[in-house]
Every structure is written in structure tokens, then in C-alpha cells.
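Notes follow the structure.
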Amino acid sequence: MLTINLIRENKDFVIERLRIKNFDAAEAVEKILGLDQTRREIQSKCDQMQADMNRISKEIGSMMKEGRKDEAALAKEKTYSLKEEIRSLSERLVILENEVKTEIIKLPNLPHNLVAHGHGAEDNINVREGGSIPVLPGTALSHWDLIKKYDIIDFDLGIKLTGAGFPVYKGKGARLERALISFFLDEAVKAGYTELMPPILVNEDSGFGTGQLPDKEGQMYHVGLDNYYLIPTAEVPVTNIYRDVILDSENLPVKNVAYTPCFRREAGSWGAHVRGLNRLHQFDKVEIVQIAHPDNSYECLDQMVSHVEGLVSKLELPYRILRLCGGDMSFTSAMTYDFEVWSAAQKRWLEVSSVSNFESFQANRLKCRFRDKGEKQNRLVHTLNGSALALPRIVAALLENNQTEQGIAIPEVLKPYTGFDIIN
RNA sequence: GGAGAAAUGGCAGAGCGGUCGAAUGCGGCGGUCUUGAAAACCGUUGUCCUGCUAUCGUGGGACCGGGGGUUCGAAUCCCUCUUUCUCCGCCA
């Protein structure tokens, strides 16, 4: 959520920047400023009356004490109309505050200067690539065939137990999954992140804090009886830890990492490119989150990008890093880097990580602030997060790229974690 | 799930209808003293909205778990929700 101050003071800048995201904010901004103006006028009127009221009440207090009952009764008379007016003004105030908020919430985050204008994936900027793309023989299998061949992931069993998109990992498949989770967590801890295990059900306030609610309600599974939501990413609980928190600047950046299962409804998105592990309703992901000082949050972003790059290269996967254009970026992000790995049998790039700086956009919703030493004013922190990494497509690429006559070779770094070096 | 008790500032803990943003202690910050430190002493100490001011500031309003109500006036009374504790039951 953008701050009202920013809109008030830099109206044209806001409109201008949002054009990069192909968002026309002109009308909304005018509406917000109008509502805000009225809100402030009423606020000050209301405060004035409240001050009068407080004064009279105090006077009545001392009159009562001194036994001047008649005077007190007279003063009471005066308060009745005042009280009525305060009541109606504060009702309008609440309505206006809500209106301002509903309007502001509709505005996406401003993209960073470096973000290019663009409409979709074709306009993203290829920052760099790494690893080498393997050439497989014609007999190479897709990961969904390899999975069947070696019986390591069972989709049909998942359908029996739950439904489509809830696979059962079996034998070496389950071991590989667990190995990857441990590897990713260990790497993050080595890089200075604190490991957390958060709840995977969250309440409405948390859903609002990170921006899933109220709009993207349909993307989350909802436990109606208790009004909880299954998390679509660990970002939700891990970032919401800092909701309504004021941090010390010495403690920044806060670096947390968490493994959680992630749940996504993704209604209606089943089609050609979503076979096998490409898109699931439940999947595993290790997420890194940083709460940073606004003055150096982009250094944190670079650091996170290098961390993720380290992971894919250690796994010996061919990858590329894209800086997303305005049109392809999420609503909440100011800058996003996507990581894609090459899946040799499908012959296409698969997105395995998205690393973003949200600047103060989430922090404003979360009311997460910090104070610099010696400063009086609290400022909003910057929040950042990134997948490090999402498992299913990593598994897909590993299976496809590493297939041999003998079986699927496990990358060197994973062997201590899997306890085996080939799936056959 | 049943019965009872409670929720106050960074923490501990008073206040139970008016002068309470809130005693007191601890902690934090600034100072005096000291070569330095400790002790002692003095001062200071939250958040949000808003007006004025170039700035230091300063005026007003709100906040004592959340929401609602009673009252001229609520931390204090009433309703409701949430959470915590104690006892009982159930349970991995």
C-alpha cells in the first residue's frame, strides 16, 4: 500500500511511475486526494469539538465537587448538542477513512527506476545466464515419464487421497525432496539467515498484511470453520511476524529463512504447460525473507540474487536471471528478478525463483517500522523475499537434465543429503 | 469440552467513575561526579492522526487486549470477541 503522504506530495510522480506497470492511476489519485482533503477537514472539526467537550466535562467535574449543582446541570444541557455533532462527524470520519483506504489499496507499488516499460514475458531483460545446456539423445524422457519409470512420484495416488495436483513422493523421490529442502536450508543458514518453522495456516490479518487479502482471496485455500487460510508461500507467516513491530535500526537487516509446504488453488489454470511437476496445488518451497533499512535494501536484493544464483549453480543447472519489466511484475513489487532453469526434455525455461524488493509497500500495510539512532521519526522498513528455492520445477529439471542410460545422476552437492548417487 | 481468574507503557506492577498518558520500581537515554568504569544523585523516556512553524519545536485529538454500549465525563461500569492462567475432562 502506498503511503498517503507520497500521493499527496508527489501526485504526478506516482501517476508517471505507474504507467511503467501499464496502470492508469490519474483518476484514482484525484479521488484519493479529494477524499483525503475532506477527511482532514472533518478530522480537525471533530477534534475541535472534542476539545470543547473535554473542557466542559472537566468544568462539570469541579462544579460537582464544589457543590454547584445548578451550574453543573446547566453545563450538561450544553453538551447534548455537541455530543450529537461529534457522533455524526466521527461516523463520517470512519466512512471516509475506509474509503481512502479502499482506494489506496487498489494502487500497485511503484516500480524502481531501472524497471523497463513492457507488457509481458517478451519484454523482460535477460541479466545473465549460467551453466551449460545439455544435449540429450532423442530417446530422452520428460520428467513425468521418468517419474513413472522409476516410480518416485505418484500423481494418481495423490488424486485418490486428495485430488489433482497433490502428488505422493515415494522412495528415492521422497528422499530427494527432503534432501533438497535440507540443502537449501543449510545454505541459507550459512549465509546468515535464521531458520524458522512457521504455522502454515494464517488468519485474515496476516493475509491482509502481505497483500493476499482482500483481492486474491480465490488463490488461497480457506478453512471456513475457523476462518484460516492455508499459506501460498512462507512469505506470509514469516513477513507477518513483523506486523505492528518497531525495530531497532541496529538489528537491520533481519534475515529469515523457512521451509513450508505451499498451497495454491490456481483455479482454471490447467492446460498444456502444466503437466507433471510444472504446476501443483501443494508443493515445497524454501523462502528467504529480509527486513531491510530503506537506504540499502537494493544491496540486500543483490545479495539475495547472488544467494539464489549460488544454489542453482551448485545444483549444476543451466539458468538465466531476468529482470522483469513493468507489465510482468507483481502488484506489490518494486523490482523483481526471476530465475529460470532449463528443462532439457521439455526444452523450455522453468521459473524456479522470484526475488523481489517490495520497498515500503508491504511495510505500510504491516505497520513495520524502525527508528534510526538519534532520530525522532519512525520510518517504514523495506521488505524483500525470494524463493530459495521452489522444489517441483527444480526436481523436474534435475530429472530431465541428468537422465542417463543407467538412471538419474544426483548432483555432487546433494549426495551427502540423499545418501545415494543415482535413481534407477 | 466444563468451571473459575485475569489482560495496564520496553518489563514488573498500582489505579476500579472526574484533575490519569496513567503512581512506583526496573530497564533505556542524557547529565553531574570519576583518569576510566561502577555506585550515587539529577533530568528524560510510547504510538497514531492533525493544526501552526523554514527548523529546534509547539497547539489539539485518539490510544490502559479488540469491538460495541452507558455517562456531561470511562483504564475504572455493562455487553461481546480474543488471548493467557488455574482446576476438571479428552488426547498425539
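Computed over heavy atoms, backbone and side chain alike; hydrogens, waters and symmetry mates excluded. All chains are named by letter (A, B, ...) in the order of the sequence lines, taking the proteins before the strands, and each is independently numbered beginning at 1.
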- Message: Distance check, C1' atoms only: B/A7 and B/C64, in whole angstrom units.
- Response: 10 Å
- Rounded distance (Å) that lies between atom P of B/U47 and atom CG of A/Leu380: 14 Å
- Roughly how far apart are A/Leu384 CG and A/Gln290 CD, rounded to 0.5 Å? 6.0 Å
- Query: Between B/A22 and B/G46, how far is it from one C1' atom to the other, in whole Å?
  - Reply: 12 Å
- A/Asp123 and A/His117 side chains, donor-acceptor separation under 3.5 Å: no
- Using the C1' atom in both, what is the distance from B/U34 to B/A39, to the nearest Å? 11 Å
- Task: Could you please spell out the steps behind the side chain to side chain contact (heavy atoms under 4.5 Å, CB included) verdict for A/Arg40 and A/Arg8?
- Result: CA-CA 12 Å; A/Arg40 281 193 293 168; A/Arg8 238 184 248 153; 3.7 Å; yes
- Message: Just the rounded figure in Å: distance from C1' of B/G46 to NZ of A/Lys367.
- Response: 17 Å
- Is the phosphate of B/G46, meaning OP1 or OP2, less than 4.0 Å from a side-chain N or O of A/Arg371? no
- Task: Send over the distance from A/Ile246 CD1 to B/G9 P, rounded to a whole Å.
- Result: 14 Å
- Checking all strands, does A/Arg39 fall into the base, sugar-phosphate, or nothing category for heavy-atom contacts under 4.0 angstrom? sugar-phosphate
- Task: Determine the interatomic distance between C1' on B/U80 and the same-named atom on B/C26; round to the nearest Å.
- Result: 36 Å
- C1' spacing across the pair B/U8 / B/U24, given as an integer number of angstrom: 14 Å
- May I ask you to check whether A/Phe263 and A/His281 place their ring centres under 6.0 Å from each other? no
- Polar contact flag, side-chain donor to acceptor under 3.5 angstrom, A/Glu77-A/Thr79: no
- In whole angstrom, what separates A/Asp248's CG from B/G27's P? 18 Å
- Any side-chain donor-acceptor pair under 3.5 Å between A/Thr3 and A/Asn364? no
- Can you tell me how far C1' of B/C49 sits from CE of A/Met49, to the nearest Å? 18 Å
- For A/Tyr417 and A/Leu176, run side chain to side chain contact (heavy atoms under 4.5 Å, CB included): C-alpha distance rounded to whole Å, both residues' side-chain angles, the deciding distance at 0.1 Å, then the answer. CA-CA 8 Å; A/Tyr417 289 94; A/Leu176 176 62; over 6 Å; no
- Message: Is the positively charged end of A/Lys285 above the ring of A/Tyr259, judged by distance under 6.0 angstrom from the centroid and angle within 45° of the axis?
- Response: no
- Message: Rounding to an integer number of Å, can you tell me how far A/Asp226 CG sits from B/C81 C1'?
- Response: 15 Å
- Query: Within this structure, what is the CG-to-C1' distance between A/Asp36 and B/C49, rounded to whole angstrom?
  - Reply: 11 Å
- Message: Can you check the distance between B/C85 and B/G27, where both ends of the measurement are the P atom (answer in whole Å)?
- Response: 28 Å
- When rounded to the nearest Å, what value does the distance between P atoms of B/A40 and B/G25 take? 13 Å
- So, is the end of the A/Arg365 side chain (NZ or CZ) under 6.0 Å from the ring centre of A/Phe208 and within 45° of the ring's axis? yes
- Task: Apply the test ring-ring contact (aromatic ring centres under 6.0 Å, His included) to residues A/His382 and A/Tyr298: give CA-CA distance (whole Å), side-chain angles for both, the deciding distance (0.1 Å), then the verdict.
- Result: CA-CA 10 Å; A/His382 281 188; A/Tyr298 279 90; 7.2 Å; no
- Reading RNA chain B 5' to 3', how would its secondary structure be written in dot-bracket notation, given Watson-Crick and G-U pairs with both distances under 3.5 Å, brackets [ ] for crossing pairs and | for partners on other strands? ((((((((.[[[..)..(.....]]]((((((.......))))))(((((((....))))))).[[[[[..)....]]]]])))))))....
- Message: I'd like to compare against my own output: the B/S/- annotation of nucleotides 52-80 of chain B with a strict under-4.0 Å heavy-atom distance to protein.
- Response: --------BSS--------BBS-------
- Whole-Å C1' distance, B/C77 and B/G15: 15 Å
- Item | side-chain N/O A/Arg40 vs B/C49 OP1/OP2, d < 4.0 Å | no
